[in-house]
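In what follows, a single structure is set out as structure tokens and then discussed.
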2 protein chains.
Amino acid sequence: MDLDPRKKEVLHAIVDDYVSTFEPVGSKSLIERHGFDVSSATLRNEMADLEHMGLLEKPHTSAGRIPSDKGYREYVDSLMKVEPLSPDEQTKISENIKSSVGELKDLIKGAADTLSQATGFVSLTCSPRLKKSYLTQLKILMIEPGKALVVVVLSAGVVKDKLVRIPNFITDKQIFDISNAIEKNITGKPLDEITLITVSSALKGGTDIPDSLLNQVLYEAYAAIKQADRMDVYLEGEHRMLSLPDFSSMGRATQLLGSLADDGMVAGYLNEMEAQDKSNQDSYMIRIGQEITLEGFDDCSFITTTYNMADGVQGNIGVIGPKRMEYSKVISQIDFVKKNLDEQIKIINE
Amino acid sequence: MDLDPRKKEVLHAIVDDYVSTFEPVGSKSLIERHGFDVSSATLRNEMADLEHMGLLEKPHTSAGRIPSDKGYREYVDSLMKVEPLSPDEQTKISENIKSSVGELKDLIKGAADTLSQATGFVSLTCSPRLKKSYLTQLKILMIEPGKALVVVVLSAGVVKDKLVRIPNFITDKQIFDISNAIEKNITGKPLDEITLITVSSALKGGTDIPDSLLNQVLYEAYAAIKQADRMDVYLEGEHRMLSLPDFSSMGRATQLLGSLADDGMVAGYLNEMEAQDKSNQDSYMIRIGQEITLEGFDDCSFITTTYNMADGVQGNIGVIGPKRMEYSKVISQIDFVKKNLDEQIKIINE
DNA sequence: TTTGGCACTCGATGACCGAGAGTGCTAATC
DNA sequence: GATTAGCACTCTCGGTCATCGAGTGCCAAA
């Protein structure tokens, strides 16, 4: 959208004001707070223009203007400037993330906590997409007769396991053999290329176990491998939304938290989004207000980016906040958290 | 507390009415709704008595009465009758729980979901307390140089694992030996009797690895064992509380969800409670309003019971709801869910 | 011990009013 | 042609006020 410079200034000022005060901004207060060199009447005209273009809205006749979704979009796309965080905030975030010790899962959870705390919004994380990573090890460990643990090790340094049932009388040795055979056959294969047939073909006639039993074990192993690929979405800090003036009416608050509670829905949406802007690898995905096609998020924005593990495997991290947010600040917060997370992941994986 | 029969009836009626209408109940409506054979004036006297005894409260001079915490307590302890669920609800719950397939964790989560849905409140589950269970297997699996997976198998049929770092140049064979030695030495020991010394003593001089390296491995193994004992609290359905009239004021809602968000706090409280009424094994723990010493739960009640795994290992399941709840109904809901959960756990463990 | 009656209390509801902030439009000005 | 001053108009918000109704406590009679 092509706006003349003054219109840009006006829109910028209105978004800034509205974001910080949560009150519709009128022509007069605009002059007061920003050093506009024209009269209020002129601004009124400009504002009327911006409204016609669909960038501003009026809650009612005699109130000031607020940005429309389209207005925010314009702001985000071409008006705002992202500035680095204050050193204070930087050290706070860094230390917070460093202090979350443990495995990858804990690290991601720690980053999510930190992000939610820093922004005051809901933070959102997706477990890494492992489709493209390949299998480096597969072990089946006998736990007790009839029960085994399948351990799947992936290229990205991720280890997953699943407790499975196996026929009662299969022995330790047999399991060991099966596990070796499978491993030998599918090591190095990307996860999404492994099918039940791939797994089964590993064993053709190589053992003395009846086919029907063998198939059961193979199926369980296959299921364990496939499960490693499951996408987990984790939301943190839902309660923080209640303190925002944007959701101070019970109705909105209830609806929002209800929608957030269904994290499967959010997960599905993210998946969809990812498919949509594939180009945007490694950059930001921003969805504002009605752009989000899920029910109940009209007053929200999603901002997500990716974090990186070894071998190009990526997950998502971001926030769900009110669309009336300081986009530039939130983006730099996410960015900083993401960088710290990337670093820590590298350290964990040596 | 010894009440004459009519006072009991009156208190019973008031609790019932207040729970279902959420409005202070007055003498007149009490006669209308319940077939009391006396005049409103008489009831007023009775109510005044009950108030003096601390069982009822007045929100303000010219309103009806509401039960005090003590009133609810009396109701729960000696007035209410727990009735079985309707067959409809029973099948609904049963099916819901049966449909949550997978490992123990998924099963518990499924039960929690079901319970929250059935009651409309927050459900609460605690992972089993494994202190008293003993170790049946310990395997250390080499993942790659410098990284190993410690798998701990406990008597209750629980399998836990932890990814640990080990010195880079320790070999497959060495790890195997170490793991065997530890396993041999501490199998059968209750979890809470295993100390770092127990673990270390297993290896005294039995290998060719320098002590300093060995100690690192042993420490990691020890940490993995100890981690198996971690108590996880899982809350589900927080958003449902927003729909209750009890928390329809933004302030209360915010406070409640804020408190609930700190699940560590809830976990600590439950632990404390468990220590307190040890006698009550297998029965109900009920805490009403101010009896709960945590901040932010003045208008809530906790009701929990235990679910059972093999070998006497138990976990907790229950709800956090408004203290203005249908106790008898909720208790039978919890009870039914618990029974179903117990059953499914048995099936999973064969 | 129970009851009818009565004065009193207090929150909820709705009408009303004025203040304040903002707008759109028009006509004059640069 | 863009800008500005001025003005009539609109709409929300907050406060006041009166009224209503449900409920209480207490007293005197049954």
Side-chain angles (χ1 to χ4, degrees), chain A residues 3-11 13-15 17-18 20-68 71 245-246 248-250, chain B residues 3-11 13-15 17-18 20-68 71 245-246 248-252:
Chain A
L3 296 173
D4 67 68
R6 194 168 68 195
K7 281 204 174 50
K8 279 188 188 178
E9 267 182 76
V10 172
L11 180 56
I14 289 178
V15 172
D17 269 22
Y18 182 63
S20 61
T21 65
F22 194 43
E23 258 157 36
V25 0
S27 49
K28 255 188 191 160
S29 60
L30 209 48
I31 293 193
E32 270 174 37
R33 237 186 301 232
H34 307 262
F36 282 105
D37 220 11
V38 290
S39 77
S40 66
T42 312
L43 287 186
R44 277 207 288 286
N45 290 333
E46 293 286 30
M47 287 159 86
D49 285 355
L50 286 168
E51 188 179 347
H52 282 136
M53 294 186 229
L55 298 168
L56 294 180
E57 282 172 357
K58 264 188 304 198
H60 53 85
T61 333
S62 80
R65 305 297 211 294
I66 64 175
S68 68
D246 308 65
S248 66
S249 101
M250 214 55 208
Chain B
L3 296 173
D4 67 67
R6 194 169 67 195
K7 282 203 173 49
K8 280 190 186 176
E9 266 182 77
V10 172
L11 180 56
I14 289 178
V15 172
D17 269 22
Y18 182 62
S20 61
T21 64
F22 195 42
E23 259 159 35
V25 359
S27 48
K28 253 186 193 162
S29 58
L30 208 48
I31 292 193
E32 269 175 38
R33 236 184 303 229
H34 307 263
F36 281 105
D37 220 10
V38 290
S39 76
S40 67
T42 312
L43 286 186
R44 278 207 288 285
N45 291 331
E46 293 286 29
M47 287 159 86
D49 285 353
L50 286 167
E51 188 179 348
H52 283 135
M53 294 186 227
L55 297 169
L56 294 180
E57 281 172 357
K58 265 187 303 198
H60 54 260
T61 334
S62 79
R65 305 298 211 293
I66 63 173
S68 67
D246 308 65
S248 67
S249 101
M250 216 54 208
R252 276 162 201 269

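Computation of the quantities below employed the complete heavy-atom set of this structure, encompassing side-chain atoms and omitting hydrogens, waters and symmetry-equivalent molecules. This structure is a prediction, so every number in the text was calculated from the model and none was measured. In what follows, chains are A, B, ... by sequence order, proteins preceding strands, each numbered from 1.
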(request) Send over the distance from B/Ile31 CD1 to D/dT24 P, rounded to a whole Å. (result) 11 Å
(message) Let me confirm one number: the CG-CD1 distance from A/Leu43 to A/Ile31, rounded to the nearest 0.5 Å.
(response) 5.0 Å
(request) Would you indicate, yes or no, if D/dC11 has its OP1 or OP2 atom less than 4.0 angstrom from a side-chain nitrogen or oxygen of A/Thr61? (result) yes
(message) Looking only at the side chain of A/His60 (C-beta and beyond, no hydrogens), which of the listed nucleotides D/dA5, D/dT12, C/dT23 gets closest?
(response) D/dT12
(request) Starting at atom CG of B/Asp49, determine the distance to atom P of D/dG25, rounded to an integer number of angstrom. (result) 10 Å
(message) Measure CZ/B/Phe36 against P/C/dT3 and give the value in whole Å, please.
(response) 13 Å
(request) Could you please name the option among D/dT4, C/dG24, C/dG22 that lies closest to any side-chain atom of A/Lys28? (result) C/dG22
(request) Measure from the side chain of B/Ser29, starting at C-beta and using heavy atoms only, and say which of D/dT24, C/dT3, D/dG23 lies closest. (result) D/dG23
(message) If I take atom CG in residue A/Asp37 and atom C1' in nucleotide C/dC30, what distance separates them, rounded to the nearest angstrom?
(response) 15 Å
(request) Tell me whether the OP1 or OP2 atom of C/dT23 has a side-chain N or O from A/Arg65 closer than 4.0 Å. (result) yes
(message) As a test of reading the structure: which of D/dG25, D/dT10, D/dT4 is closest to the side chain of A/Ser62, going by heavy atoms?
(response) D/dT10
(request) Report which part of the nucleic acid B/Ser40 touches: base, sugar-phosphate, or nothing (heavy-atom distance under 4.0 Å, all strands). (result) nothing
(message) Return the CG to CE distance between B/Leu3 and B/Met53, rounded to the nearest 0.5 Å.
(response) 5.5 Å
(message) Can you confirm whether A/His52 is buried at NE2, in the sense that more than 12 heavy atoms of other residues, nucleotides or ligands lie under 6.0 Å from that atom?
(response) no
(message) Starting the side chain at C-beta, find the nucleotide from C/dG4, C/dG24, C/dG22 nearest to B/Ala41.
(response) C/dG4
(message) For a quick test of reading the model: is some side-chain N or O of B/Lys58 closer than 4.0 Å to OP1 or OP2 of D/dG25?
(response) yes
(request) Could you state the atom-to-atom distance from CG of B/Leu43 to C1' of C/dT1 in whole Å? (result) 14 Å
(message) If I take atom CG in residue A/Asp17 and atom P in nucleotide C/dA21, what distance separates them, rounded to the nearest angstrom?
(response) 15 Å
(request) Kindly say whether A/Asp17 contributes a backbone atom to a donor-acceptor pair with the side chain of A/Thr21 at under 3.5 angstrom? (result) yes
(request) Kindly say whether B/Ser27 contributes a backbone atom to a donor-acceptor pair with the side chain of B/Ser40 at under 3.5 angstrom? (result) no
(request) Calculate the interatomic distance between B/Met47 atom CE and C/dT3 atom P; express it in whole Å. (result) 15 Å
(request) Nearest-nucleotide wise, let me know which of A/Asn45 and B/Thr42 is further upstream toward the 5' end of DNA chain C. (result) B/Thr42
(request) Find the distance between CZ (B/Phe36) and CZ (B/Arg6) and round it off to the nearest 0.5 Å. (result) 9.0 Å
(message) Check this for me: does the side-chain of A/Arg44 come within 3.5 Å of the base of D/dG6 through a donor and an acceptor?
(response) yes
(request) Could you state the atom-to-atom distance from CD of B/Glu46 to P of C/dT2 in whole Å? (result) 7 Å
(request) May I ask you to evaluate whether B/Arg6 reaches the phosphate of C/dT2, defined as a side-chain N or O under 4.0 Å from OP1 or OP2? (result) yes
(message) Side chain of A/Glu51, heavy atoms from C-beta onward: which of D/dT3, C/dG24, C/dT3 has the nearest atom to it?
(response) C/dG24
